[in-house]
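Step one of this worksheet: look at the structure below.
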Amino acid sequence: MDDIRFAVLGTGGIGRRTLEVSQHKDGLTAVAACDRNGVALDHDGLDVDELLEATEGNIASGPQSGPEQSSGDEPRDSGPEDDPDMAADGGTATAETADGVKQHGEQAGIVASSQGEPTETPIDDIIAESDAINAVLLALPNLEHDFIPRVAERFAEADYEGVMIDVLKRSRVIGMLDDREDLLKASGITFVCGAGATPGFLTGAAALAAQSFVEVEEVEIWWGVGLKSGYEDNRGTVREDIAHLDGYDIETAREMSEAEIEALIDEHDGVLEFHDMEHADDVLLERAGICDAEDVHVGGVLDVRSDEKPTTTTVSVTGTTFDGETGTNTFELDDATSMEANVNGPALGYLKAGVRNNRAGHYGVFGPADLMPGF
Ligand code: IKT
């Protein structure tokens with residue numbers, strides 16, 4: 001476990017923070033990263049500091065001009081499966097960053113790094129090098145439900161053997177991955193799905209909290225996020241959250257312009273509250289035999305303008321013990337821990353668990369609860 005060479009697809013907020021956090025974890029070497037316009041590859045290890053510095057400023061510098069430039073996290077490949085609406089990473093830069101980071105033409109993103117090369121086929125470029133990559137982290141908002149499953153399929157078709165891990169949110173995507181499980185197994189892929197905070201960290205916490213019980217009646221996940229790193233760095237995730245508000249869905253959220261999103265945020269004074277979100281914690285807990293999906297509820301509060309959490313993040317699991325007692329086990333995150341810490345730390349932790357399983361020959365689709373004590 002001391003030499004895991006990993007790639008990150010997407011260098012929006014999540015991708016960049018994953019790279020940053022990985023520097024504080026043992027045994028992880030980032031060897032590839034890509035966004036829609038470029039790829040950085042170095043089998044001896046990327047210079048993560050340079051990459052972060054080069055990509056940090058330019059995400060915010062794009063014009064706010066429409067859905068095809070709006071989400072912030074998805075690489076884009078040409079080819080038959082390419083979706084012309086896939087969002088760019090960072091859009092089009094209009095200016096050099098304050099510290100003089102180079103810009104290639106009008107495109108920002110990874111090509112602003114001295115390690116970045118422009119490409120029309122970033123994902124294929126990484127697939128071409130995947131023999132030397134142990135794990136691929138998909139830092140993509142998945143505004144197309146089947147986007148991540150299709151990316152997994154492409155790696156499997158290229159006979160990639162290793163770990164793939166995503167931080168997807170939507171329940172319905174898990175089935176799409178399960179549908180591809182035979183293909184993933186045949187290739188030798190251990191796919192860890194829903195491995196961010198929720199689903200992810202908090203699903204794992206629910207699986208642990210459930211251990212006191214023989215029957216679980218309800219799982220309540222209530223999260224609070226203050227966007228410490230600011231809205232600009234989290235455009236993809238905010239847009240995904242908006243799709244959960246009453247009157248919105250994935251398509252309407254995807255088509256909103258940046259100006260419309262800003263207006264919506266203004267209307268709510270920067271604080272958005274969500275209930276009954278379609279988050280895959282439900283199917284992932286059901287899949288692990290812990291409870292019925294319908295007994296899992298996910299909601300939370302997002303404060304786009306403050307770095308304070310507007311509410312404390314908790315996971316409450318209510319159940320009955322073997323000796324007939326009913327109780328609620330509650331897992332609570334400290335308000336001082338940021339979303340960035342609570343998404344990217346666990347994602348990399350699950351990545352390591354995935355590599356352990358992959359090296360033991362365990363292939364297929366795994367959720368966070370499958371990597372915890374069994375129920
Ligand atoms: C996610 O990225 O997993 C989902 C986001 C919520 C993160 C919760 C973090 C909790 C905390 O830091 O206390 C959101 C739904 N986009």
Side-chain angles (χ1 to χ4, degrees), residues 8 10 12-18 21 71-73 137-143 148 165-171 173-174 192-206 219-231 233-245 248 250 253-254 261 264-265 268 270-285 296-304 306-316 330-351 367-369:
V8 175
I14 291 174
R16 285 201 308 282
R17 291 292 78 77
T18 303
V21 176
S71 286
D73 283 66
L137 193 139
L138 307 167
L140 312 163
N142 202 42
L143 283 166
I148 284 175
I165 175 160
D166 66 51
V167 290
L168 65 78
K169 315 290 190 310
R170 292 270 172 175
S171 306
V173 184
I174 307 302
V192 185
C193 55
T198 169
F201 191 13
L202 305 184
T203 328
V219 175
E220 288 278 349
I221 292 177
W222 184 247
W223 53 264
V225 168
L227 287 184
K228 196 168 193 163
S229 53
Y231 164 61
D233 210 25
N234 293 285
R235 288 185 294 166
T237 202
V238 171
R239 187 179 289 268
E240 273 199 281
D241 286 347
I242 285 173
H244 294 272
L245 288 174
Y248 293 84
I250 221 113
R254 184 166 168 257
I261 289 189
L264 178 75
I265 291 170
H268 289 79
V271 181
L272 304 173
E273 186 164 324
F274 304 91
H275 295 274
D276 288 322
M277 303 178 84
E278 184 202 334
H279 265 220
D281 308 82
D282 56 0
V283 291
L284 292 169
L285 288 167
V296 180
H297 305 284
V298 180
V301 188
L302 171 69
D303 189 340
V304 178
S306 164
D307 60 3
E308 300 287 320
K309 285 188 199 186
T311 183
T312 297
T313 297
T314 52
V315 180
S316 304
T330 302
F331 172 90
E332 182 178 301
L333 295 186
D334 195 294
D335 289 346
T337 62
S338 64
M339 175 176 77
E340 290 78 2
N342 293 323
V343 171
N344 299 294
L348 289 167
Y350 282 122
L351 181 151

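Each ligand, and each atom within it, is numbered from 1 in the order the structure gives.
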Checking a contact table here: which protein heavy atom is nearest [atom], and how many Å away?
atom                    : answer
atom 4 (C) of ligand 1  : K169 CE, 3.4 Å
atom 3 (O) of ligand 1  : T198 N, 2.9 Å
atom 12 (O) of ligand 1 : N342 ND2, 2.8 Å
atom 5 (C) of ligand 1  : M339 SD, 4.2 Å

When you measure from the side chain of [X] to the backbone N and O of [Y], does any donor-acceptor pair fall under 3.5 Å?
X    : Y    : result
T237 : N234 : no
E278 : S171 : yes
R17  : A341 : no
T313 : G224 : yes

Do [X] and [Y] come close enough that some side-chain heavy atom pair is under 4.5 Å?
X    : Y    : value
V298 : D282 : no
L264 : L245 : yes
T337 : K309 : yes

Original post:
Only one of T311, T314, T198 forms a side chain to side chain donor-acceptor pair (under 3.5 Å) with W222, so which one is it?
Top reply: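 Going through the options one by one, the only one that passes is T311.
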For [X], atoms of ligand 1 separated by under 4.0 Å from a heavy atom:
X    : value
S338 : 12 (O)
G224 : 10 (C), 11 (C), 13 (O)
K309 : 11 (C), 12 (O), 13 (O)
T237 : 16 (N)
T313 : 10 (C), 11 (C), 13 (O)
L333 : 11 (C), 13 (O)

**OP:** Determine whether any heavy atom of H279 lies closer than 4.0 Å to an atom of ligand 1.
**Re:**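 Distance cut 4.0 Å: H279 passes for ligand 1.
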**OP:** Have a look at ligand 1 and work out which part of V225, if any, has a heavy atom under 4.0 Å from it: side chain, backbone, both or neither.
**Re:**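 The answer is the side chain.
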Original post:
Taking N or O atoms only and a 3.5 Å limit, does A197 qualify as a polar contact for ligand 1?
Top reply: yes
Original post:
Are more than 12 heavy atoms from other residues, nucleotides or ligands located less than 6.0 Å from atom CD of E308?
Top reply: no
